[in-house]
Number of protein chains: 2
Amino acid sequence: MSPLADDLGFLLSRASGLVVRATNESLAEIGLRVRPYSVLVLACDHEGGISQRDLAAALGLDPSQVVALVDELAGRGLVRRAPSPDDRRTKLVAATARGRELRERAAQLAGAGGRRQLGRLTAAEQATLRDLLARVVADPA
Amino acid sequence: MSPLADDLGFLLSRASGLVVRATNESLAEIGLRVRPYSVLVLACDHEGGISQRDLAAALGLDPSQVVALVDELAGRGLVRRAPSPDDRRTKLVAATARGRELRERAAQLAGAGGRRQLGRLTAAEQATLRDLLARVVADPA
DNA sequence: TATTGTTATACTCTATAACTATA
DNA sequence: TATAGTTATAGAGTATAACAATA
């Protein structure tokens, strides 16, 4: 008999929706949205490139969803697909110089967008929230 | 090592996605999903009915999205639309007896679904999470 | 046989614009 | 003029199934 405003699942999806929307609005200035941005971040942070399978796992997406995201970034010259030297099935997605350059600006914009909602919490509270959510999200393996 | 794993916005949308999916899977047994379920809850908790405009505000949706949700529940005889005595533009959405009956089972199922992810936190931690999210979500007015 | 990337498809969600009937 | 509900539409997100190349 708990009212909706106390429902953790509802609060979670509401908070997520607001933060994603605010972040998308900030990223619009450089023609990015949250999903492609997160792909760019992962590509930048893996020097030798990251396979689409690993990309999908890191983002919690199905590999089939990753294709269009990489296509979009590759079409803009922000990442490129390179065949893996170890396994010819695998394509390694790596950031280009332009991609790395844009990533810095993107990170600033994304941060500013998120703060429109999350700035209501102190730094300590944000850290608490981060720890709690990390445990909710963690793979129980 | 993943930098995204420290991003609060990413964690939020990931956690929300997992909880919503688990809840939808649980609710599938009675042919409901999270959104229609939340409408049913609000209809049940407002004895005299709630206007679609207030429903939209409470759920953070556009009024146009509420129409199909109410249609679906009304089509199953779980809620009904009644004209407001005060304003003939307004329709009050109220739960039927069948709606109230199903709501109890639905709440059990939704709770069980959410616990598949949120049960990793103690009750105290869940309360902390609830308070933090409530502040992120709150209207700053 | 199993896995990586891919295509295809369908359904849900989100976001707007515009219309109607009331106020 | 403004508001409540509605219709319509388009784009983004989610979920599966199946296929080709490779392991």
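Letters A, B, ... are given to chains in the order of the sequence lines, protein chains preceding strands, and every chain is numbered from 1. Keep in mind that this is a model prediction, so the values were computed, not measured.
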If you find the nucleotide of DNA chain C closest to A:Val67 and the one closest to A:Gly17, which residue's nucleotide is nearer the 5' end?
A:Val67

Expressed in angstrom and rounded to an integer, what is the separation of B:Leu69 atom CG from D:dG5 atom C1'?
14 Å

Atom pair distance, as rounded to whole Å: CG in B:Leu61 and P in D:dG5:
14 Å

Of the listed C:dC13, C:dT6, D:dT22, the closest approach to the A:Pro63 side chain comes from C:dT6

B:Thr90 near the nucleic acid: base, sugar-phosphate alone, or nothing, with a heavy-atom cut-off under 4.0 Å?
sugar-phosphate

Taking CZ from B:Arg53 and P from C:dA23, how many angstroms apart are they, rounded to a whole number?
16 Å

Using a 4.0 Å heavy-atom cut-off across all strands, classify A:Asp62 as base, sugar-phosphate, or nothing.
base

Once you round it to whole Å, what is the distance between P of C:dC11 and CG of B:Asn24?
16 Å

Any A:Gln52 side-chain nitrogen or oxygen under 4.0 Å from OP1 or OP2 of C:dT6:
yes

Is the shortest side-chain N to carboxylate O distance from B:Arg135 to A:Glu125 below 4.0 Å?
yes

CZ-CG distance between A:Phe10 and A:Leu4, expressed to the nearest 0.5 angstrom:
4.5 Å

Assess whether a salt bridge exists between B:Arg105 and B:Glu29, defined as any Lys/Arg side-chain N lying under 4.0 Å from an Asp/Glu carboxylate O.
yes

Under 4.0 Å between a side-chain N or O of B:Arg88 and OP1 or OP2 of C:dT22?
no

Of A:Arg33 and A:Asp86, the one whose closest nucleotide on DNA chain D sits nearer the 5' end is A:Arg33

Give the rounded distance in Å between these two atoms: CG of A:Asp87 and P of C:dA2.
17 Å

Figure out the CZ/P separation between B:Arg35 and D:dT14, and round it to whole Å.
12 Å

Atom CD of B:Gln65 and atom C1' of D:dA4: how far apart are they, to the nearest Å?
16 Å

Is there a donor and acceptor pair, one atom on the side chain of A:Ser51 and one on the base of C:dT4, closer than 3.5 Å?
no

Map A:Lys91 and B:Ser64 onto DNA chain C by nearest heavy atom, then report which one ends up closer to the 5' terminus.
A:Lys91

Determine: side-chain N/O of B:Arg21 to OP1/OP2 of D:dA15, distance under 4.0 Å, yes or no.
yes

Counting only side-chain nitrogens and oxygens, does B:Arg89 get under 4.0 Å of the OP1 or OP2 atom of D:dA2?
no

Expressed as a whole number of angstroms, how long is the span from B:Asp54:CG to D:dT3:P?
14 Å

Regarding B:Arg116 and B:Ser26, is there a side-chain donor-to-acceptor distance under 3.5 Å anywhere?
yes

Donor-acceptor pair, distance only, cut-off 3.5 Å: does the side chain of B:Thr128 make one with the backbone of B:Ala124?
yes

